[in-house]
Amino acid sequence: MGNGGVGNTGFALPRGATGFFVAKDGPLPETDLRAFRAALHAAARAAEGRLGEIEVQEYPRTFHTASVVHRTGETVVLCHAHHPWIAFARERRNWYAEELFLDPPSWASVFEAAGFVVLSGERLATPLSGVDTSAFTRVEWRQVRTYGVTTLGGVLFNAWA
């Protein structure tokens, strides 16, 4: 699993991607929750809908969850707690597998305009062998193997419990 190369997506997972950290390295970065909330409001306007419930990340989950309710239904918006990554999903869960991710809706560009990186369903389904995981620690690899996580999305949007 742990290839040190860049792989086929050019996506490198930095320290904190899994939500685990080593105390001696200091705390992980935090995604700006105010910026996420502001982008959610802009997304709801762009979707001609309204903002649904926002759930702030709590241990052991690695992400914040929100939704945008629009005329065709509800789209779940995930925001990684430590890096400015946004994903879209069919339903609210504590962990995600590739079949639950959606491609970004037309209004996802508001997140990019706010400085977030919007991840496609295809990118989130990328096998870990196609991602640069060289920054992972032994502890992170142990969790990945224990929980049978095999994709980028599974690593980024998870609750390790």
Side-chain angles (χ1 to χ4, degrees), residues 1-3 6-7 9-40 43 51-68 74-105 108 110-112 114-161:
M1 258 198 227
N3 81 346
V6 171
T9 67
F11 199 91
L13 290 174
R15 188 175 86 86
T18 64
F20 292 105
F21 68 99
V22 179
K24 70 177 176 57
D25 294 337
L28 297 176
E30 289 190 22
T31 300
D32 185 342
L33 195 52
R34 282 194 308 231
F36 177 52
R37 286 179 192 268
L40 283 167
L51 184 58
E53 181 185 353
I54 300 172
E55 293 176 59
V56 175
Q57 177 268 342
E58 289 184 12
Y59 180 83
R61 228 177 42 218
T62 59
F63 55 94
H64 309 293
T65 308
S67 65
V68 171
E74 182 176 33
T75 301
V76 175
V77 182
L78 310 175
C79 177
H80 196 273
H82 305 293
H83 296 284
W85 297 318
I86 298 289
F88 299 91
R90 301 180 195 286
E91 60 188 55
R92 288 176 183 263
R93 299 189 63 157
N94 282 331
W95 58 270
Y96 288 87
E98 62 272 9
E99 71 275 4
L100 298 170
F101 290 108
L102 300 173
D103 277 325
V110 301
F111 291 99
E112 290 171 337
F116 291 90
V117 175
V118 174
L119 302 172
S120 69
E122 181 181 8
R123 169 138 303 164
L124 291 162
T126 302
L128 286 179
S129 60
V131 178
D132 180 354
T133 57
S134 59
F136 275 18
T137 64
R138 281 196 310 263
V139 170
E140 288 173 306
W141 275 117
R142 191 175 315 122
Q143 293 298 327
V144 166
R145 289 186 187 105
T146 297
Y147 288 92
V149 175
T150 60
T151 62
L152 174 63
V155 164
L156 300 184
F157 299 100
N158 207 320
W160 305 98

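Along the sequence shown, residues are numbered consecutively beginning with 1.
Val56 approaches Arg37 most closely through the heavy-atom pair CG2-NH2, 3.6 Å. Nearest approach of Phe88 to Pro104, heavy atoms of both residues: CD1-CA, 3.7 Å. Nearest heavy atom pair, residue Leu28 against residue Gly19, reads CD1-O, 3.5 Å. For the residue pair Arg61 and Phe63, the shortest heavy atom distance occurs at NE-O, 3.2 Å. Shortest non-hydrogen contact noted between Glu74 and Ser67 is OE2-OG, 2.6 Å. Between Phe11 and Arg123, the closest heavy-atom pair is CD1-NH1, 3.4 Å.
By the 4.5 Å heavy-atom criterion applied to side chains, Phe116 and Phe36 are counted as neighbours. Trp95 is not listed as a side-chain neighbour of Thr62, based on a closest heavy-atom distance of 4.5 Å or more. Inter-residue side-chain proximity for Leu100 and Arg93 is flagged as met; some heavy-atom pair is nearer than 4.5 Å.
Side chain of Gln143 to backbone of Glu140: no donor-acceptor contact under 3.5 angstrom is found. Thr31 places a side-chain N or O within donor-acceptor distance of the main-chain N or O of His83, the cut-off being under 3.5 Å.
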Can you give me every donor-acceptor pair (side chain of residues 154-161, partner residue at least two apart or in another chain, under 3.5 Å) with its distance?
unit_1, atom_1, unit_2, atom_2, d
Asn158, ND2, Gly154, O, 2.9
Trp160, NE1, Thr18, O, 2.8

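The environment of Glu58 atom CD is sparse: at most 12 non-hydrogen atoms of other residues, nucleotides or ligands sit within 6.0 angstrom. Around CD of Glu122, the count of heavy atoms belonging to other residues, nucleotides or ligands within 6.0 Å does not exceed 12.
Tested against Leu119 for a side chain to side chain contact (heavy atoms under 4.5 Å, CB included), the candidates Asp103, Leu78, Leu124, Ile86 yield a single pass: Leu124.
Residues passing the ring-ring contact (aromatic ring centres under 6.0 Å, His included) test with His64, sequence neighbours excluded: none.
Relative ring orientation between His80 and His82 is described as perpendicular, the plane-to-plane angle rising above 60° on a 0-90° scale split at 30° and 60°.
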